[in-house]
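Beneath this line is the structure, given in structure tokens, with notes to follow.
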Amino acid sequence: MLQVSYIRENREQVLERLAVKNFKQPEVVDQIIALDDKRREFQSKLESIAAEANAIAKQIGELMRQGKKEEAEPLKANTTSFKEQSKTLTEEVAAIEAELYNQLVILPNLPHSSVVKGISADDNEIVYEYGVKPNLPEIALPHWELATKYDIIDFELGNKIAGAGFPVYKGKGAKLQRALINFFLDQADLQGYREMQPPIVVNEASGFGTGQLPDKEGQMYHVGIDNLYLIPTAEVPITNLYRDVIVKEEELPIKNCAYTPCFRREAGSYGAHVRGLNRLHQFDKVEIVQVVHPDTSYQVLEDMSSYVQSLLKALELPYRVLGLCGGDMGFTSAKTYDMEVWCAAQARWLEVSSVSNFETYQSNRLKLRYKGKEGKTHLAHTLNGSALALPRILASLLENNQTENGIKIPSVLVPYTKFEWIS
RNA sequence: GGAGAGAUGCCUGAGUGGCCGAAAGGAACAGUUUGCUAAACUGUCGUACUGGCAACGGUACCGAGGGUUCGAAUCCCUCUCUCUCCGCCA
């Protein structure tokens with residue numbers, strides 16, 4: 001959520017930046033400013049009435065204490081009109097504030113000045129490409145066929161016990177998953193991220209805190225009986241740890257990471273592009289989350305991007321980095337890099353990580369602030385990134401590393417898997 | 001699931017209708033003293049909105065939301081959460 005004060009003071013710039021994100025309702029900006037004017041006007045009326053009423057109540061209290069009951073009685077009569085006025089004004093202020101909030105949540109985050117204008121994924125910039133795409137023989141198999149061939153992932157069994165999008169990993173498939181999780185967590189640890197194990201269900205307040213609610217309600221699994229949501233990413237519980245928190249400036253940056261399963265209903269997805277591991281309802285992911293000082297957030301974004309890339313290099317996967325254009329960026333992000341790995345048999349790029357700087361967009365809603373040395377509070381900046389999401393890494397490993405002798409495990413993973421080949 | 005108790009500031013904790021935005025202690029921060037550390041002493045020490053160049057004001061907040069009252073941390077109602085005991089279970 002953007003800050004109203006920022007919108008007021010930087011109207012032109014806000015409009016210009018929203019255009020980069022291809023935002024269709026620029027009139028909302030002026031509506032917000034008008035509503036805020038109205039809010040101030042009504043609130044100040046309400047407050048001056050309250051001030052008068054408080055003053056009278058104080059006088060009455062003083063008289064009562066002195067035992068002058070008779071003198072207090074006429075004062076009471078004066079307050080009836082205050083009560084009525086303040087009641088209607090309170091209702092009006094509440095209505096204005098509700099409308100202001102409704103308008104405010106329509107506005108996406110403002111893209112950073114380095115973000116290019118654009119409408120769709122076609123307009124994203126390829127900022128970096130690394131590695132050599134393997135030359136596979138004609139008979140190369142897509143990962144879902146390899147999974148069956150080596151009996152390491154069973155999609156049918158998953159269908160039976162849960163449904164499509166809930167695969168069962170078996171034997172070396174399961175061990176490879178566990179190896180990847182441990183590898184990612186160990187690497188994050190080396191980078192100074194504190195490992196956390198959060199709940200994988202969250203309450204409504206947390207869903208609102210990171211912006212999944214109310215917008216993406218339909219994308220989360222909801223446990224109705226207890227009104228809890230299965231997390232779509234560890235970003236939700238980890239970032240919400242800092243909801244309504246004021247940290248000391250010297251505690252920044254705060255670096256946390258977490259492995260969790262992630263649950264996404266993916267309502268509306270279908271077809272060949274969701275085959276196999278490409279898109280699942282449940283998947284594993286290691287997430288890195290930082291809370292930083294505003295001055296450093298863009299440097300941190302670059303650091304996080306390099307870190308994610310270092311993981312892909314270690315796994316010897318060809319990848320590319322996309323700088324997302326305004327139109328393809330998430331609603332809450334100011335700048336996002338997507339990392340995509342090459343899946344050789346499918347001959348397509350698959351997104352395995354998304355690293356974003358949210359600036360104050362999340363922290364404003366979360367009320368996540370830091371207290372500066374001068375004693376004032378300021379909103380902190382938040383960032384997060386996948387490091388990494390497992391299924392597509394697995395897909396890419398299986399497809400790219402397939403040989404006549406089986407699937408070769410990257411050497412960095414062998415200490416974790418304790419085997420070199422899936423055959 | 002049943003019964004009971006509770007929710008106050010960074011923490012502990014007092015406060016049962018006006019003098020309470022809130023005692024006291026601790027923590028933290030700044031200063032004085034000190035050869036250093038410690039101790040002692042002094043001071044500062046919630047958040048948000050809002051008026052003002054500022055000095056300094058106003059309003060709201062004692063788990064959340066309603067209500068009673070001239071006036072609510074305090075009384076009433078609803079909800080949420082926490083703790084204790086019992087039951088069940090890992």
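What's counted below: heavy atoms across the whole structure, side chains too, no hydrogens, waters or symmetry copies.
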I'd like to know if the side chain of [X] pairs up with that of [Y] as donor and acceptor (distance under 3.5 Å, no hydrogens or angles considered).
{"X": "A:Ser305", "Y": "A:Gln309", "answer": "yes"}
{"X": "A:Asn109", "Y": "A:Thr332", "answer": "no"}
{"X": "A:Tyr370", "Y": "A:Glu251", "answer": "no"}
{"X": "A:Asn203", "Y": "A:Ser206", "answer": "yes"}

In whole angstrom, give me the gap between the [atom1] atoms of [N] and [M].
{"N": "B:A3", "M": "B:U8", "atom1": "C1'", "value": "27 Å"}
{"N": "B:C56", "M": "B:A39", "atom1": "C1'", "value": "39 Å"}
{"N": "B:A48", "M": "B:C29", "atom1": "C1'", "value": "23 Å"}
{"N": "B:G71", "M": "B:U12", "atom1": "P", "value": "33 Å"}

Pair assignment for [N], Watson-Crick or G-U wobble, requiring both distances under 3.5 Å:
{"N": "B:C89", "answer": "none"}
{"N": "B:G71", "answer": "none"}
{"N": "B:G46", "answer": "B:C61"}
{"N": "B:G51", "answer": "B:C56"}
{"N": "B:G21", "answer": "none"}
{"N": "B:U82", "answer": "B:A5"}
{"N": "B:C41", "answer": "B:G31"}

*Can you tell me if the side-chain N/O atoms of A:Asn54 get under 4.0 Å from OP1 or OP2 in B:A60?*
yes
*Any side-chain N or O of A:Lys248 less than 4.0 Å from the OP1 or OP2 oxygen of B:A28?*
no
_Atom pair CZ (A:Arg178) and CG (A:Leu390), whose distance is rounded to the nearest 0.5 Å_ = 13.0 Å
*Spacing of A:Ile60 atom CD1 and A:Glu73 atom CD [to the nearest 0.5 Å]*: 8.0 Å
*Report, as a single string ordered 5' to 3', how protein heavy atoms within less than 4.0 Å touch nucleotides 45-53 of chain B: B base, S sugar-phosphate only, - not at all.*
-SSSBSS--
_Between A:Ala57 and A:Ala53, which residue's closest nucleotide on RNA chain B lies nearer the 5′ terminus?_
A:Ala57
*Scan A:Leu75 against the nucleic acid and name what it touches under 4.0 Å (heavy atoms): base, sugar-phosphate only, or nothing.*
nothing
_Within the 4.5 Å heavy-atom criterion, are A:Arg392 and A:Arg279 side-chain neighbours or not?_
yes
